[in-house]
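Computed over heavy atoms, backbone and side chain alike; hydrogens, waters and symmetry mates excluded.
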Amino acid sequence: MSSLSLRRATADDSQRLTRLVRKSGAYRGDYAVMVDGYAVGGTYIEHHRVHVAVDERDRVLGFYALVLGDDGEAELDLAFVADDAQGRGIGRMLMEHMTGEARAAGIRSVKVVAHPPAEDFYLRTGARRTGTVEPTGRIYWARPELRFDVA
């Protein structure tokens, strides 16, 4: 396996993160509507805790976005691993880093509204199921709500 490192994303990463989201194999078929036209903008990256896993050539293999609310709440808004990099522990590394970031910020738990096929991944990496988010708008399927307890 190539050398991996984590770093804070910058606005310059916007196009690469957007491309990773839009090309994700997890969002084909019925789920394609979730990422159709989606963009991870530079302003979004600058205002939230977005971290990327990169190889020695700075190729983005995965990323996550932790959104901290003014009320002390936090949500894992985005988490993706490139299709060709899955199964190498990158997702687990990202979740461990994310929970560490939340803990360092004084957050007690992180909410996740998951893509249904990703629920097992979140459960394996320490989240617990807390409920279901009912369909709304273009999303016509229920999504699992989970929580990472980090305090």
Exercise. Verify the neighbour count for atom CD of E73: are there more than 12 heavy atoms of other residues, nucleotides or ligands below 6.0 Å?
Key: yes
Exercise. For residues I139 and V33, determine if any side-chain heavy atom of one lies less than 4.5 Å from a side-chain heavy atom of the other.
Key: no
Exercise. For T125 and Y122, indicate whether the former's side chain and the latter's backbone hold a donor-acceptor pair under 3.5 Å.
Key: yes
Exercise. Determine whether I107 and R103 make a side-chain contact, defined as any pair of heavy atoms from C-beta on separated by less than 4.5 Å.
Key: no
Quiz item: Atom OG1 of T136 and atom CH2 of W141: how far apart are they, to the nearest 0.5 Å?
Solution: 11.5 Å
Quiz prompt | Heavy-atom donor-acceptor pair, H97 side chain to M93 backbone, under 3.5 Å | solution = no
Exercise. Spell out, as yes or no, whether a donor-acceptor pair under 3.5 Å connects the side chain of E56 to the backbone of S3.
Key: yes
Practice problem: Side-chain contact test, heavy atoms from C-beta onward, threshold under 4.5 Å: evaluate it for Q86 versus D83 and give yes or no. | Solution: yes
Self-check item: Contact check, side chains of L61 and V54, non-hydrogen atoms, under 4.5 Å
Solution: no
Quiz item: Does D13 come within less than 4.0 Å of R7, counting only side-chain N to carboxylate O?
Solution: yes
Quiz item: Taking all atoms of both residues into account, what is the closest heavy-atom pair of L146 and A114, and its distance?
Solution: CD1-CB, 3.5 Å
Quiz item: Any salt bridge between R49 and D77, counting N to O under 4.0 Å?
Solution: no
Exercise. Give, for atom CD1 of I45 and atom CG of L17, the distance between the pair rounded to the nearest 0.5 Å.
Key: 4.5 Å
Self-check item: Non-hydrogen atoms of P116 and P144 that approach each other most closely
Solution: CA-CD, 4.0 Å
Self-check item: Residues, nucleotides or ligands: over 12 heavy atoms within 6.0 Å of R59 CZ
Solution: yes
Quiz item: Do the ring planes of F63 and F80 sit parallel (below 30°), tilted (30 to 60°) or perpendicular (above 60°)?
Solution: parallel
Exercise. Indicate the atoms forming the closest heavy-atom contact of R128 with L123, along with that distance.
Key: CA-CD2, 4.1 Å
Quiz item: If Ile, Leu, Val, Met, Phe, Trp and Tyr residues are connected whenever their side-chain heavy atoms lie under 4.5 Å apart, and connections chain through other members, are V40 and Y64 in the same group?
Solution: no
Quiz item: Minimum heavy-atom separation for R92 to R124, with atom names?
Solution: NH2-O, 3.2 Å
Exercise. Spell out, as yes or no, whether a donor-acceptor pair under 3.5 Å connects the side chain of D55 to the backbone of D58.
Key: yes
Quiz prompt | Heavy-atom side-chain contact between M98 and V110 under 4.5 Å | solution = yes
Exercise. Locate the shortest heavy-atom distance separating G42 from A11; write the atom from each residue and the value.
Key: CA-CB, 3.7 Å
Exercise. Please check if F121 and F148 belong to a single hydrophobic cluster, counting links between Ile, Leu, Val, Met, Phe, Trp and Tyr side chain heavy atoms closer than 4.5 Å.
Key: yes
Quiz item: More than 12 foreign heavy atoms under 6.0 Å from CG of D71: is that the case here?
Solution: yes
Quiz item: Is the shortest heavy-atom distance from the side chain of V35 to the side chain of S24 under 4.5 Å?
Solution: no
Quiz item: With distance as the sole criterion, is a donor-acceptor pair present between the side chains of T132 and R129 under 3.5 Å?
Solution: yes
Quiz item: Ring centroid separation for Y27 and H115, is it under 6.0 angstrom?
Solution: yes
Practice problem: Indicate whether any N or O donor in one side chain lies under 3.5 Å from an N or O acceptor in the other, for R147 and S109. | Solution: yes
Exercise. Search all heavy atoms of A105 against all heavy atoms of L68 and return the closest pair with its distance.
Key: CB-CD1, 4.0 Å
Exercise. Answer yes or no: is there a side-chain heavy-atom contact under 4.5 Å between R138 and M34?
Key: no
Exercise. State yes or no: do V50 and V113 share one hydrophobic cluster built from I, L, V, M, F, W and Y residues joined by side-chain heavy-atom distances below 4.5 Å, directly or via other members?
Key: no
Quiz prompt | same_hphob_cluster(L20, L66) at 4.5 Å side-chain heavy-atom cutoff | solution = no
Exercise. Would you indicate whether the side-chain heavy atoms of H51 and E101 approach each other to under 4.5 Å?
Key: yes
Quiz item: Is V150 linked to V67 within one hydrophobic cluster, defined over Ile, Leu, Val, Met, Phe, Trp and Tyr using a side-chain heavy-atom separation of less than 4.5 Å?
Solution: no
